[in-house]
Amino acid sequence: MSRRRFVDGIRLALREELESDPDVCLYGEDITLGGPFGATRDLVDAFGEDRIRNTPISEATVVGLAIGAATVGARPVVEVMFVDFITLAMDQLVNHGAKLHYMSGGQIKVPLTIRSTFGIGGGWGAHHSQSLESWLMHVPGLKVAMPSCAADTRGLLQASIQDDSPVIFLEHRGLYFTSQEVGDDDGKPIPLGQAIVRRTGADVTVVALSQMVNDALTVAEKLATEGIDVEVVDPRTVAPLDIETIVESARKTGRVVVAHEAVISGGVGAEIVAQIQREAFDYLDAPIVRVGAPTAPVPAAPALEDLFAPGGDEIEAAVRAVVQGAV
Amino acid sequence: MSRRRFVDGIRLALREELESDPDVCLYGEDITLGGPFGATRDLVDAFGEDRIRNTPISEATVVGLAIGAATVGARPVVEVMFVDFITLAMDQLVNHGAKLHYMSGGQIKVPLTIRSTFGIGGGWGAHHSQSLESWLMHVPGLKVAMPSCAADTRGLLQASIQDDSPVIFLEHRGLYFTSQEVGDDDGKPIPLGQAIVRRTGADVTVVALSQMVNDALTVAEKLATEGIDVEVVDPRTVAPLDIETIVESARKTGRVVVAHEAVISGGVGAEIVAQIQREAFDYLDAPIVRVGAPTAPVPAAPALEDLFAPGGDEIEAAVRAVVQGAV
Amino acid sequence: MSSASAKNKAAAAQETADADALRAMLDTMWTARAFEERASELYAEGEIKGLLHLGIGQEGVSIGACSVLDPGDVVYGTHRPHVHAIAKGADITKLMAELAGRSTGYCGGKGGSMHVAAPEVGFITATGIVAGNIPLGLGAADEFKRRGSKKIAVVFHGDGASQTGSFHESINIASLWKLPLVMICENNGWAEFTPLSSHTNVERLAVHAETYGIPTVTIDGNDAFAVREAVAVAVERARSGGGPTFIECLTQRLRGHYEGDPGKYRELSQLEEWKKKDPIQRFMVALAERGVEFDADKVEQAARDRVEVAIKEALAGPLPTEADVASQVYA
Amino acid sequence: MSSASAKNKAAAAQETADADALRAMLDTMWTARAFEERASELYAEGEIKGLLHLGIGQEGVSIGACSVLDPGDVVYGTHRPHVHAIAKGADITKLMAELAGRSTGYCGGKGGSMHVAAPEVGFITATGIVAGNIPLGLGAADEFKRRGSKKIAVVFHGDGASQTGSFHESINIASLWKLPLVMICENNGWAEFTPLSSHTNVERLAVHAETYGIPTVTIDGNDAFAVREAVAVAVERARSGGGPTFIECLTQRLRGHYEGDPGKYRELSQLEEWKKKDPIQRFMVALAERGVEFDADKVEQAARDRVEVAIKEALAGPLPTEADVASQVYA
Ligand SMILES: Cc1ncc(C[n+]2csc(CCOP(=O)(O)OP(=O)(O)O)c2C)c(N)n1
Ligand SMILES: Cc1ncc(C[n+]2csc(CCOP(=O)(O)OP(=O)(O)O)c2C)c(N)n1
Ligand SMILES: [Mg+2]
Ligand SMILES: [Mg+2]
């Protein structure tokens with residue numbers, strides 16, 4: 001067992017895929033200089049400017065041209081610096097990237113990966129802190145990965161790039177320079193659509209996305225000392241969503257909390273709740289509780305941001321409420 | 001009681017607001033010629049080209065400039081021809097329109113209305129048939145109206161234009177040239193955030209959006225002959241969502257179906273289910289069932305489109321399943 | 001054999017080849033015309049549904065352009081894509097079947113008119129989003145360049161598309177990366193019901209290319225010869241690493257924006273004027289002037305016959321079924 | 001009094017007014033400089049958090065420009081907005097309080113540096129989205145025109161913004177509708193860590209305005225006089241119904257892209273060169289040449305003192321609380 005930084009998982013996977021598949025190429029702003037967080041550092045030296053393409057500030061067209069390149073055989077990886085900027089490229093992503101395979105009756109493939117950072121932290125304000133995975137989950141044809149640790153950035157990114165469908169790969173800014181343990185199966189692509197039970201527990205299930213997985217694990221350890229046995233499920237990808245693993249856990253514990261950093265209203269949590277209540281109706285001992293951001297843009301002031309951001313405290317409170325039936 | 005066409009409700013409201021408030025102005029493609037569906041017909045004659053502005057095909061900038069006009073006192077109404085094209089304007093809408101009031105600490109107001117058609121029908125294919133209300137509901141700061149009848153197009157559109165926050169007003173293409181009854185309170189703005197019970201019933205609640213309300217009412221009449229008493233709730237706006245009215249109905253009937261035309265996964269239905277199961281957990285006799293589109297782009301071929309589009313048949317099947325406990 | 005007579009023979013062979021190519025263009029023009037005229041009728045009869053944008057009157061542009069493309073080159077079309085697809089060699093039976101929503105259509109009926117795709121002949125896709133195809137073609141060109149391939153990419157777009165952000169972002173990148181892209185503007189003077197002058201103060205759209213130092217010409221798009229020649233230069237430039245070209249083709253659509261458009265915004269009195277400029281008629285005159293032999297009636301009739309056969313086969317095709325509704329969502 | 005002496009008097013009064021205006025500009029330049037230098041320190045100390053983009057070295061552009069605006073005119077700034085806001089008259093205490101996340105900040109701490117708004121002085125908003133403010137200013141100009149108001153709108157944007165679709169869509173519409181808009185490009189040659197030449201083949205960004213027949217000049221943006229004069233012409237044009245102007249100001253940022261940027265991509269050896277072109281120093285030389293009297297040390301010190309007072313008051317302000325988190329979402 002060794003430890004690795006989240007960002008290094010990304011760099012590793014990019015390098016590996018660039019090495020093993022000549023069709024892989026990268027597009028993004030400042031990526032020949034490593035991008036703002038260093039995820040693409042040094043790649044241009046090894047693979048050249050034709051494959052590591054610095055682009056102008058033209059997100060809509062850059063996503064579109066990556067799709068176009070994909071339609072003639074490329075396997076492009078686009079870095080959209082912040083997922084907040086993906087709003088500029090939604091037409092290309094949704095109307096072409098996601099739909100071309102279906103609209104063409106299977107004639108065209110779009111093996112595109114879009115990497116983008118997201119998440120709250122550092123007081124960066126409402127244009128650099130959003131979580132938009134629920135939009136993407138609602139778009140048929142897209143896959144959406146949300147790694148929670150360094151091993152997964154590597155394995156899920158490998159799988160995303162190798163996948164023949166467009167995948168949006170969402171990297172939480174707050175995880176970038178944290179380190180996690182890397183297991184023995186490190187280096188193998190992790191299939192998209194397979195949740196993982198990060199901690200088994202008998203009393204209550206916490207389904208958590210990305211950074212919230214780590215918060216959930218911390219809460220679980222704490223509550224274990226009080227005799228509350230928390231199971232933590234990490235879906236890893238929200239599209240496809242491995243609902244079987246989630247429902248299995250819900251049936252076992254009968255109590256569920258769903259946690260993500262996105263705004264609660266219309267978030268991925270709603271979809272997970274809707275599916276659980278349908279598939280595990282008779283097993284539930286309490287209403288499912290969601291943890292997420294309030295219905296507001298992300299404030300810039302650190303004092304507000306702290307209050308705004310959902311995290312361990314909110315998960316803990318929700319778990320207690322669900323366990324005590326005090327929902 | 002008289003009848004009115006859906007589109008005429010829109011025209012009436014636009015005319016009334018243009019007449020009563022000199023700050024109101026319209027932007028859109030071809031709108032001086034009435035737009036593709038005639039909603040703005042003749043308005044330029046009455047109000048001139050400064051207030052009824054034909055725009056180039058520049059959706060991102062047109063939404064942005066309407067927001068800018070709003071920041072200095074205008075009350076603009078933008079027609080985005082199909083909601084599929086709002087994908088081009090998501091940055092301006094989400095990052096500026098929805099957030100400026102909050103980000104400025106309340107200094108700036110954005111009394112913007114965006115009208116856009118949506119929905120399946122006629123074999124128009126995957127770029128002219130989407131439903132994207134769940135994206136919009138997930139954006140703090142936006143209101144989202146989905147009228148189901150001519151009286152509501154008038155009253156909700158009046159309220160939308162008068163509202164000091166940005167409102168997205170979603171008009172189902174399939175309703176445009178249908179007529180509905182208009183009641184005695186016609187002509188008054190309908191407050192945003194007030195659901196309406198379209199039909200009272202004791203056995204099962206159908207929460208339906210836009211065109212699906214009419215499908216639900218038809219199903220209700222049919223099932224009444226079999227002794228199944230269906231209550232139909234029309235939220236009218238999905239943000240704000242009048243969850244009280246919905247939960248009250250759910251508590252009464254104990255059985256709920258939620259129906260919309262959007263893709264089920266990540267749709268507004270998920271949010272409604274998540275809230276109901278939380279607020280009416282002990283009252284539910286069966287899992288809540290969602291009716292919506294499958295996870296696929298909208299196909300063009302009429303044969304496929306018919307199979308794809310959710311409607312009365314799907315609602316009926318869901319109601320029967322919920323009532324019989326055969327979910 | 002003397003070298004002079006060998007040269008003569010080669011020249012004669014070339015002339016025959018050219019004449020064949022030109023006759024093939026005429027065939028294609030009539031095929032497209034007959035196809036769309038019949039599509040219009042089938043639409044009126046309810047055999048075809050959806051939004052149908054016809055290119056009747058604009059055939060000179062894409063058929064002229066595609067006549068100098070290789071099979072491996074790729075084309076990205078617009079919401080008015082039938083002529084583009086036929087120009088690139090699409091099978092008219094599969095195309096008609098697609099319009100008619102049959103499972104035997106190019107896309108199994110999933111795409112319909114506006115999203116038809118025939119990648120097997122290099123017509124990668126059409127789009128319902130104005131200018132949406134421009135970045136796509138740009139990306140294909142970038143991929144060809146990266147691979148060191150000799151293939152090139154062509155995008156067609158309307159005058160209305162030239163006020164979109166994507167157009168401008170794309171043309172900048174095409175110039176910056178010197179991509180093998182040919183941008184062909186079908187400037188028919190209208191975007192839906194609004195004339196170009198109400199959408200921009202720019203009179204010659206070619207100006208946008210000049211900004212970036214991209215070679216550009218504005219030509220008569222109803223003169224298929226002129227288009228063919230201008231595009232040949234552009235294709236040669238692109239193939240040899242000389243980068244993009246922008247070609248503005250002035251043309252007219254002889255039909256409404258879409259089938260069913262009452263067309264009240266245009267002076268229909270001018271319709272007769274426009275018809276005089278019909279690209280097919282003009283191409284036949286030009287062929288005759290160049291001594292290329294053909295039998296006008298036969299060519300037209302043969303095209304109409306081909307289209308009838310295609311329609312018959314297309315409409316006999318099966319409808320897609322439940323199993324198709326949610327298939328092919330993921331690759 | 002003879003009419004000649006009246007004229008002399010008027011001229012003298014005008015000269016005094018001008019001198020006062022120029023001295024005010026110098027005050028503002030020093031205020032902005034002192035404000036940002038201290039903001040940088042406070043950032044290093046952790047008193048300010050977030051993403052901080054400083055305009056040090058670029059003061060000549062927006063302070064020159066805003067010196068000829070009326071209070072009722074409006075400005076839309078970029079992600080590098082402090083100088084823009086101060087130029088338009090923003091209160092530096094409220095501005096500093098906003099950067100420091102205090103509830104006494106302009107936005108109660110909700111906006112922070114990148115989304116600061118001071119509409120009370122006509123600085124409507126900044127934005128974290130490159131080019132996002134351009135359509136906003138365009139819309140304000142349209143609203144002013146519709147109302148028959150004499151107000152005008154100004155947008156600042158960087159060279160990097162000129163490769164965005166919004167820039168091009170906006171400039172087309174500004175020209176088409178002849179709007180009272182002044183677009184001022186702060187061309188500092190860099191977008192983050194990438195030079196302009198890697199983002200476009202266009203050398204003079206003013207070319208984009210020429211395409212649309214929009215009056216345009218490229219000027220030395222570090223010469224606040226030149227900016228003031230060019231913008232005065234543009235403002236007069238806009239106010240009198242003459243439509244938009246595009247002004248390309250060549251400038252340099254003397255700091256990293258953001259605070260914390262190691263800046264390895266630039267030749268730091270040139271920093272001394274750039275500093276010689278410091279707009280404040282140059283403005284003082286120019287003032288002296290024109291015989292405008294001022295005490296350089298005093299002016300600078302007064303500005304630094306003002307900033308210290310502002311900081312003290314700003315940091316003494318209360319932090320926002322739970323009640324603020326989800327308030328002001330809807331208007
Ligand atoms: C992004 C977008 N906005 C609006 C439309 C509606 N629309 C369809 S065709 C068209 C006009 C296009 O004009 P032009 O590009 O000149 O092509 P033409 O129809 O003349 O061939 C418009 C506005 C669309 N399809 N996509
Ligand atoms: C739409 C968008 N894409 C990318 C970014 C990240 N970003 C922030 S500033 C910047 C460079 C902007 O360059 P320029 O417009 O020249 O302004 P400058 O920073 O030089 O003042 C970039 C790419 C962003 N904020 N918004
Ligand atoms: Mg046109
Ligand atoms: Mg710059």
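Both backbone and side-chain heavy atoms feed into the values below; hydrogens, waters and symmetry mates do not. Order of the sequence lines fixes the chain letters, A, B, ..., with proteins taken first and strands second; residue numbering starts at 1 for each chain.
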Just by modelled atom types, is the [Y] backbone N or O under 3.5 Å from a matching donor or acceptor in the [X] side chain?
X: N95(B); Y: D84(A); value: yes
X: Q277(B); Y: V273(A); value: no
X: H138(A); Y: S134(B); value: no

If the condition is side-chain hydrogen bond (donor to acceptor under 3.5 Å, both in side chains), which residues does E314(A) pass it with, not counting sequence neighbours?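 Once residues adjacent in sequence are excluded, E314(A) has no partner under the side-chain hydrogen bond (donor to acceptor under 3.5 Å, both in side chains) criterion.
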Side chain from CB out, backbone as N, CA, C, O: work out which of these in [X] comes under 4.5 Å of a heavy atom of chain B, or both, or neither.
X: L284(A); result: both
X: A239(A); result: neither
X: V94(A); result: side chain
X: A126(A); result: both
X: E279(A); result: neither
X: V289(A); result: both
X: M137(A); result: both

Could you check which of [options] has the highest count of heavy-atom pairs closer than 4.5 Å to chain A?
options: A274(B), G267(B), A293(B); result: A274(B)
options: A296(B), A89(B), G141(B), G125(B); result: A296(B)
options: M103(B), R290(B), Q275(B), E59(B); result: R290(B)
options: I288(B), L88(B), I272(B); result: I288(B)
options: E271(B), M90(B), Q130(B); result: E271(B)

Heavy-atom cut-off 4.5 Å, strictly under: side chain, backbone, both or neither for [X] against chain A?
X: A60(B); result: neither
X: A286(B); result: backbone
X: Q92(B); result: neither

Could you walk me through whether H127(B) and K99(A) pass side chain to side chain contact (heavy atoms under 4.5 Å, CB included), step by step? CA-CA 9 Å; H127(B) 289 171; K99(A) 296 189 173 59; 4.1 Å; yes
Nearest 0.5 Å, please: how far is CG in L93(A) from OG1 in T87(B)?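 Reported to 0.5 Å precision, the distance equals 9.5 Å.
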How far apart are the closest heavy atoms of P299(A) and Y102(B), and which atoms are they?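 That closest heavy-atom pairing would be CB-OH, 3.4 Å.
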Minimum heavy-atom distance P297(A)-P140(B), with the two atoms named: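 The pair with the smallest heavy-atom distance is N-CB, 3.8 Å.
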What class does the angle between the rings of W135(A) and W135(B) fall in, given that below 30° is parallel, 30 to 60° is tilted and above 60° is perpendicular?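 Taking W135(B) first and then W135(A), their aromatic rings lie parallel (interplane angle under 30°).
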Is the count of non-hydrogen atoms from other residues, nucleotides or ligands lying under 6.0 Å from Y283(B) atom OH greater than 12?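 Not buried by this count: 12 neighbours or fewer within 6.0 Å.
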